[in-house]
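Take a look at the structure set out below.
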Amino acid sequence: MKITRREAIKLGLIGGGGLLLSQDFPSEAWAQSSPQIDRFKRPFQMPPVLKPIRSYEGGDRPIDIYQITMRKNQVKILPGEKTQIWGYEGMIPGPIIRQRGGFRDEDRGRSSLIRFINQLGTTLEEGEEVPISTTVHLHGMASLPQYDGHAEDLSLPGYFKDYFYPNDRAATIWYHDHAIDRTSRNVYMGLAGMYIVEDEEERQLNLPKGKYDVPLILQDLRFASDDNRLIFNDRNQQGLYADVILVNGVPWPYMKVARRKYRFRVLNASTSRSYQLVLSKEENKLTRGDKLFVIGTDCGLLSEPVELESPLKTLQLFPAERYEFIIDFAQYPLHTQVFLRNPSIQSNSNFDKDTRVQTIMRFDVELSEPDDSDLPDHLRDFEPLIDKIPSGQEVPLRTFVFGRGRNWTINGKIWNKNRVDANPEPGAIEIWKLVNQGGWDHPVHIHFTDWQILDRNGRSPRSYERGWKDVFRVGHFETVRVIARFSTRNGEHIEGKYMFHCHNLVHEDHSMMSLFEVGKNGDSPFSAPPQPISEMQPL
Ligand code: C2O
Ligand code: CU
Ligand code: CU
């Protein structure tokens, strides 16, 4: 839907303070276009995989120790001048962490301990020099509350914190900044990276692996036309829609591929933008009969592959969602060019002056390489949680309304770190009804546990959404019912306070966030506070 400026003022969408105005992020510049670079000029890049600095093999479960420094860096993104980013290890996106997870003997699973060191220094906000504080959330991991990146468990520059992650099951997840009121800016500046957990059941499937298992981390950024610096503007807290599409930090890359199967793990790491993915043999329109097979959702494999054929079947990807899919490039003759297209979703296209965002990258089918990988018909057992409710038992049903007053709200309320809006029992199954009052999409994310979508406005979810998820698009005037068990995927009970919020990071920063508390005996999210670097002991 389209909202005119006058209507927006009437609805209270324009106005209200809190807009970041600074020399770093000049707000008047949002309407300017980024430099008009040619697309498909730079090759695709795999983000590097981070190696542990040390491993402890003894004990019940080996632990790998990683260290990541958050710092500013000047990186070459566009032709001409370099761009300052804030990155994990100074990279945009951060390095990939790949871990063996799972808790069965045959998984030989490992835990991770990551020391995140904040060396970001300061930035200008409204002319004032302020420290860049951070907190790290590993999105998709059932971590203890003190390691979940609570928005107010902040590390100042010059501080570090050791985060512990159990790696309970296989999935494509991600780590990103979660600082209160500043998440959108911090993630936009580069503080996001992918984290891949594997287990034995998945390895047995013989899906494409190694260089054929490919992360695609999508972001949209806007650059100043004179010096390529990043421009952050959330348009009076509505959302941030930029005009350069990056895959793994490279604008509109091309990727040489072989005529065989590839596994792609796509993550929408954009601030607000949603994507609609579809393959096409043409750059600016959709062709017919191009196929991809969705095999995984936010929290791991689907029960079976879901075939999506162009032009009608597309894969919608809202902020923070992850999907995994197989493309078999053997469907194309050598020397075919195939585009990953993004025919814009209406909620974005209202903001897009530039249709160049409607293509994401190009695959050049140039190589012939053998393919001994499989795409099995059955991937993983999936039991609907609704069938696990003993008959006659009442399941708690909670309703959360995502709306807008002076701020973005949940049930009419804004964020308050001392208020808890739901108290599930450890191990309990609950149904949550997520209601959108209209006007905007709200990609809702609930921390700690994995969910299943029951229905959207009473109708069944899209075919590829019928797996475990932790982000759900709740569209304009939509009601989505989701179901979860409040335990980890291996059945362990963890208690404590966790956040849930809209993952349009601009909405999150302007209060569309709250807390639930599992049980009452959990550790406080503030029980492992960051320490000054001067007191840092080697791990
Ligand atoms: Cu990906 Cu609470 O966030
Ligand atoms: Cu999360
Ligand atoms: Cu929202």
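Whatever order the structure lists them in is the order used to number ligands and atoms, beginning at 1. Positions are given from 1 along the sequence.
With rounding to the nearest 0.5 Å, the separation of CD in Q452 from CD1 in I429 is 9.0 Å.
Distance check for H503 against atom 1 (Cu) of ligand 1: an N/O/S atom falls below 2.8 Å. Taking backbone and side-chain atoms together, H139 has no N/O/S atom less than 2.8 Å away from the Cu ion (ligand 2). Note on H176: counted as a metal contact of atom 1 (Cu) of ligand 1, an N/O/S atom lying under 2.8 Å.
Using a 4.0 Å cut-off between a side-chain N of Lys or Arg and a carboxylate O of Asp or Glu, D450 and R489 qualify as a salt bridge.
A centroid separation of 6.0 Å or more is found between the aromatic rings of F448 and F516. Taking the six-membered ring for Trp and the full ring otherwise, the centers of F264 and F325 sit less than 6.0 Å from each other.
At least one test fails for K161 against the ring of Y159: distance under 6.0 Å to the centre or angle within 45° of the axis. Geometrically, R222 does not engage Y188 in a cation-pi contact defined by less than 6.0 Å to the ring centre and at most 45° from the axis.
Within H507, the N/O/S atom positioned nearest the Cu ion (ligand 3) carries the name ND1. When the Cu ion (ligand 3) is compared with the N/O/S atoms of H442, atom ND1 turns out nearest. Distances from atom 1 (Cu) of ligand 1 to the N/O/S atoms of H139 are shortest for ND1.
In this structure, NE2 of H137 and NE2 of H445 enclose an angle of 150° at the Cu ion (ligand 2), rounded to 10°.
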